[in-house]
There are 2 protein chains.
Amino acid sequence: MYRQYLKMGINERKEREKELLQKSILTAAREVFLEKGFDQTSIRSIAQRIEYSPTTIYLYFKDKDAILFALHSEGFQLLGSKLEVLYSVENPYERLKAMGRIYIQFATDYPDYYDLMFVQKSPMNNLEDDELWKEGASAFDGLKATIQQCMDGGYLPFTDAETGAYLVWATMHGMCNLYDRGRCKVLDPEKSEKIVDLGFDEFIRMMDSFKK
Amino acid sequence: MYRQYLKMGINERKEREKELLQKSILTAAREVFLEKGFDQTSIRSIAQRIEYSPTTIYLYFKDKDAILFALHSEGFQLLGSKLEVLYSVENPYERLKAMGRIYIQFATDYPDYYDLMFVQKSPMNNLEDDELWKEGASAFDGLKATIQQCMDGGYLPFTDAETGAYLVWATMHGMCNLYDRGRCKVLDPEKSEKIVDLGFDEFIRMMDSFKK
DNA sequence: CAAATATACTTAACACCGTTAAGTTTCCAA
DNA sequence: TTGGAAACTTAACGGTGTTAAGTATATTTG
């Protein structure tokens with residue numbers, strides 16, 4: 001009968017509604033996360049914001065880590081959008097320097113996103129043991145390619161692009177993380193507030209001296 | 001009466017007993033921490049191990065952060081003991097390289113201690129706002145002094161010893177932390193397991209090329 | 001059209017957590 | 001012997017992630 005034809009439309013509407021709630025859960029999660037921070041982002045606080053019971057969330061996400069993983073992916077999208085301007089930078093070494101500046105700016109502007117993307121273990125629990133970390137990999141590949149071009153252009157003397165990219169990444173990450181975690185208290189108070197930028201400048205100066 | 005004379009002895013015994021329990025709480029905390037890790041180190045689990053009620057712990061420590069701070073200090077003592085061999089290294093550049101190796105070895109051998117010392121925010125909550133972070137400062141001063149000597153000896157071209165020390169520290173920290181937090185999945189699986197050492201070797205190679 | 005069933009959601013509960021207030025036991029001094 | 005301080009425990013508060021069971025609603029089927 002004609003109801004058979006309606007069924008599809010109804011199912012589609014239902015699917016749309018499901019997706020809508022899934023999205024509103026994620027929106028609520030993002031709001032709580034950005035307003036209150038990682039620690040205060042609880043299933044219950046997300047549920048309260050969308051006026052559903054906490055258990056409803058489990059009908060749309062496997063567990064809390066799945067939500068955090070989704071937010072982590074959002075962070076990578078945001079970082080990616082900030083990095084887009086680099087396409088116009090043709091000189092690989094200039095691009096690398098700009099990349100570093102943007103990375104640090106991102107870590108400073110969105111410390112919670114940064115933490116979720118590069119420090120917290122929770123979002124990584126969502127990956128299967130053999131599953132690869134797509135978000136991280138594509139960002140890293142971009143860096144690696146630039147490093148390779150820097151090597152080819154004689155700007156940097158790394159023996160291996162991948163190891164070199166890791167080393168540069170680790171330096172940026174270490175500076176941001178030590179600052180974020182309050183470990184820069186050991187520094188001269190006058191320097192400690194702007195130490196990440198000072199460190200970056202010093203890093204650039206070191207790299208500059210490599211140019212063959 | 002003669003009891004007056006005993007009183008002091010009794011009070012001293014009581015004080016010794018108080019210290020004893022304080023120490024056994026710390027021992028239990030350390031055991032749980034090293035066996036089960038940071039996340040599983042709860043007041044309740046520590047209490048269970050010493051067979052006291054959880055609330056007793058609060059008679060000996062202000063809160064959980066105070067215990068974590070005590071463990072964090074232990075970590076610095078342990079790291080300090082590992083660094084002792086450096087006294088015999090006269091060449092500052094050789095000492096710096098050895099320092100880096102020991103630092104990485106420490107982070108690898110005692111990841112939980114390392115986390116507590118350089119990543120977790122909890123132990124830092126125990127410090128007053130204006131209070132300085134003694135443990136971190138004395139470790140950093142050791143690095144800074146060596147960096148300064150490297151600069152003086154023409155091994156490294158940093159413009160400022162403090163910023164240079166921070167930069168070197170951040171590089172080591174970044175490599176260790178990215179590895180610990182599972183972010184090295186982005187690397188070639190063949191390299192990822194030994195990436196910290198590979199990165200360190202590359203770092204040394206870079207530094208070597210600075211020698212004036 | 002009524003009964004059966006599937007869907008969406010909630011309530012209640014479990015097992016944890018850090019922490020505090022109130023109560024109990026133990027010990028020493030007067 | 002009794003009063004009181006000190007040491008410790010019990011019970012509770014408000015929070016966490018998560019699951020099992022129950023309810024209401026909407027859809028399908030006989």
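Just so we're on the same page: letters track the sequence lines, and every chain starts at 1. Note: hydrogens, waters and symmetry copies are ignored here, and every other heavy atom, side chains too, is used.
- Note: CZ (B:Phe38) to C1' (C:dC17) measures 13 Å, nearest angstrom.
- Within a 6.0 Å sphere centred on NZ of A:Lys121, heavy atoms belonging to other residues, nucleotides or ligands number more than 12.
- In this structure, A:Asp65 CG and A:Ile67 CD1 are separated by 9.5 Å, a value rounded to the nearest 0.5 Å.
- Across the helix from C:dC1-D:dG30 to C:dA30-D:dT1, the helix axis at one end is tilted relative to the axis at the other end by 40° (nearest 10 degrees, each axis from five pairs).
- Here the OG1 atom belonging to B:Thr108 is positioned 7.5 Å from the OH atom belonging to B:Tyr179, to the nearest 0.5 angstrom.
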Where do N or O atoms of nucleotides 12-18 of chain D meet protein N or O atoms at under 3.5 Å, pair by pair?
from: D:dT16; atom 1: OP1; to: A:Ser42; atom 2: OG; distance (Å): 2.8
from: D:dG17; atom 1: OP1; to: A:Ile43; atom 2: N; distance (Å): 3.1
from: D:dG17; atom 1: OP1; to: A:Lys64; atom 2: NZ; distance (Å): 2.9
from: D:dG17; atom 1: OP2; to: A:Ile43; atom 2: N; distance (Å): 3.1
from: D:dG17; atom 1: N7; to: A:Arg44; atom 2: NH1; distance (Å): 2.5
from: D:dG17; atom 1: O6; to: A:Arg44; atom 2: NH2; distance (Å): 3.2
from: D:dT18; atom 1: OP2; to: A:Tyr58; atom 2: OH; distance (Å): 2.7
from: D:dT18; atom 1: OP2; to: A:Lys64; atom 2: N; distance (Å): 2.9
from: D:dT18; atom 1: O5'; to: A:Tyr58; atom 2: OH; distance (Å): 3.1

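- Within a 6.0 Å radius of CD in A:Glu94, more than 12 heavy atoms belonging to other residues, nucleotides or ligands are found.
- Between A:Phe203 and B:Tyr166, a ring centre-to-centre spacing not shorter than 6.0 Å is recorded.
- Ring orientation note: the planes of B:Trp133 and B:Phe76 are nearly perpendicular, at an angle over 60° on the 30°/60° scale.
- Distance check: A:Arg95 CZ to A:Gln149 CD gives 4.5 Å after rounding to the nearest 0.5 Å.
- Electrostatic pairing of B:Arg30 and B:Glu35 does not count as a salt bridge here, judged by no charged N lying under 4.0 Å from a carboxylate O.
- Rounded to an integer number of Å, the gap from CZ of B:Phe61 to C1' of C:dT19 is 16 Å.
- One can place CD of A:Glu51 at 17 Å from C1' of C:dA8, the figure rounded to the nearest angstrom.
- A close approach under 4.0 Å does not occur between any side-chain nitrogen or oxygen of B:Thr56 and OP1 or OP2 of D:dC8.
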